[in-house]
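Bear in mind the structure is a predicted one, so any value in this text is a computation, not a measurement. Along the sequence shown, residues carry numbers from 1.
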Amino acid sequence: MKYTIALFGITKEIVGNSSTTLEVSDTLTTDGLLTLLRAEYPQFAAIRSLLLAVNNEYAEQDLVLSERDEIALIPPVSGG
């Protein structure tokens, strides 16, 4: 299965691109995807509240992903 993940903020800076793709042999949950991303990009582990959005909604940790899903990695946002 091939998952494409849109990146924003610090995650985009870490990867050096606005998206990344992961290919795995089986389906993943959102938690499994985050685990793989942290292994691929160790700097992600330092980001405290890294969230996943799937199809424009924040996703629960146990959501099973499909290749057709629109996945986005949402880092913490600050503003004033």
Side-chain angles (χ1 to χ4, degrees):
M1 309 230 26
K2 185 176 183 178
Y3 300 97
T4 301
I5 303 100
L7 304 168
F8 299 94
I10 188 71
T11 62
K12 181 179 174 181
E13 291 174 27
I14 290 169
V15 173
N17 203 339
S18 61
S19 69
T20 189
T21 303
L22 288 178
E23 286 194 55
V24 294
S25 59
D26 205 358
T27 58
L28 285 175
T29 62
T30 50
D31 194 42
L33 182 66
L34 281 172
T35 299
L36 287 176
L37 286 169
R38 287 181 177 123
E40 180 80 18
Y41 304 100
Q43 291 173 299
F44 284 2
I47 303 172
R48 290 195 153 179
S49 61
L50 195 56
L51 300 174
L52 274 178
V54 179
N55 301 324
N56 297 315
E57 293 187 23
Y58 287 110
E60 298 294 324
Q61 292 180 336
D62 60 351
L63 178 68
V64 177
L65 297 168
S66 164
E67 285 184 300
R68 296 180 307 275
D69 286 334
E70 185 178 295
I71 304 168
L73 197 54
I74 311 294
V77 178
S78 64

Looking only at heavy atoms, what is the nearest atom pair of [X] and [Y], with distance?
| X | Y | result |
| --- | --- | --- |
| I47 | P76 | CG2-CD, 3.4 Å |
| P75 | L50 | CA-CD1, 4.0 Å |
| Y41 | I14 | CB-CG2, 4.3 Å |
| K2 | E67 | N-OE2, 2.6 Å |
| D26 | M1 | O-CG, 3.7 Å |
| N17 | L7 | O-CD1, 3.6 Å |

Same cluster or not: [X] versus [Y], using hydrophobic residues (I, L, V, M, F, W, Y) connected whenever any side-chain heavy atoms lie under 4.5 Å apart?
| X | Y | value |
| --- | --- | --- |
| V64 | V54 | no |
| V15 | L33 | yes |
| F8 | F44 | no |

Open item on the list: Pair L37, T11 - check side-chain contact (heavy atoms from CB on, under 4.5 Å), show working.
Closed with: CA-CA 10 Å; L37 286 169; T11 62; over 6 Å; no
Task: Under 3.5 Å: donor-acceptor pair, side chain of Y3, backbone of L28 - done: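 Flag set: sc Y3 to bb L28 pair under 3.5 Å.
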Do the side chains of [Y] and [X] get nearer than 4.5 Å, heavy atoms only?
| X | Y | value |
| --- | --- | --- |
| L63 | L52 | no |
| L73 | L34 | yes |
| T30 | L65 | yes |

Task: Atom pair CD1/OG1 of I71 and T20 - distance to nearest 0.5 Å - done: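 Here the rounded value is 11.0 Å.
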Task: From OG1 (T4) to CD (E23), nearest 0.5 Å - done: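 It is 9.0 Å, given to the nearest 0.5 Å.
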Open item on the list: Show every side-chain hydrogen bond (donor to acceptor under 3.5 Å, both in side chains) that has at least one partner inside residues 51-61, sequence neighbours left out.
Closed with: N55-D69
